[in-house]
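Just so it is clear, the model here is predicted, and its values are computed rather than measured. Because only heavy atoms are used, hydrogens play no part in the values below, and waters and symmetry mates are left out as well, while side chains stay in. Nothing fancy with the numbering, it's 1 onward along the sequence.
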Amino acid sequence: MKKNKLIGLIIIPLSVAALGVLLLIIGGFGSTYWTYVGTIFFFALPAVPIIYGCITKEKIGSILIGVLPLFGIFISLFVVSHPDLADVRLPQIREFLYMLSLIGIPGIEGYFAARREILPLLIAICLYILWFRIFTLGIH
């Protein structure tokens with residue numbers, strides 16, 4: 001693999017992850033407008049690996065662009081909610097599995113979408129719907 005392609009394969013997912021974390025931080029401290037933009041961006045994140053995989057056909061990049069943004073958001077939420085790390089409570093098994101599914105499903109979506117066939121694309125879309133269902137189950 002060429003060096004430029006490898007750099008692009010890693011830089012694009014990292015940029016999307018950084019943008020997600022930045023929108024989360026701006027939305028938390030900014031105006032109502034930024035809160036809406038951050039919310040829309042968060043709910044659009046599971047669709048990004050499908051779009052990226054269909055356009056580029058890169059399986060690794062599609063997996064990374066699905067996993068890294070949500071992983072970055074969860075890590076930043078953990079750091080923001082525990083600023084001094086004095087009262088750290090590690091997630092329980094159910095919470096960990098919930099976060100793992102929200103992080104992992106977009107990566108699997110990207111893998112299937114990068115195959116660019118009808119059946120894998122339908123599987124990716126079904127996984128996209130499953131992500132929203134799992135997300136709503138975790139809201140109490």
Out of curiosity, does Ile108 fall in the hydrophobic cluster containing Ile118 (side-chain heavy atoms, cut-off under 4.5 Å, transitive links)?
no
Out of curiosity, does Ile51 fall in the hydrophobic cluster containing Ile125 (side-chain heavy atoms, cut-off under 4.5 Å, transitive links)?
no
Looking at [X] and [Y], what are the two nearest heavy atoms and their distance?
X: Pro49; Y: Ile65; result: CA-CG2, 3.7 Å
X: Leu70; Y: Leu102; result: CD1-O, 3.0 Å
X: Gly66; Y: Pro106; result: O-CB, 3.3 Å
X: Ile63; Y: Gly107; result: CG1-O, 3.4 Å
X: Gly61; Y: Tyr52; result: C-CE2, 3.6 Å
X: Ala124; Y: Ile50; result: O-CD1, 3.6 Å

Value rounded to 0.5 Å, distance of [atom1] in [X] from [atom2] in [Y]:
X: Leu122; Y: Tyr128; atom1: CG; atom2: OH; value: 15.0 Å
X: Leu68; Y: Leu45; atom1: CG; atom2: CG; value: 11.5 Å
X: Ile134; Y: Leu100; atom1: CD1; atom2: CG; value: 10.0 Å
X: Met99; Y: Ile75; atom1: CE; atom2: CD1; value: 8.5 Å
X: Phe112; Y: Lys59; atom1: CZ; atom2: NZ; value: 10.0 Å

Would you say Arg116's side chain and Ile55's backbone share a donor-acceptor pair under 3.5 angstrom?
yes
Could you label the plane-to-plane angle of the Phe43 and Trp131 rings as parallel, tilted or perpendicular, counting under 30° as parallel and over 60° as perpendicular?
perpendicular
Under a 4.5 Å cut-off applied to non-hydrogen side-chain atoms, are Arg133 and Leu137 in contact?
yes
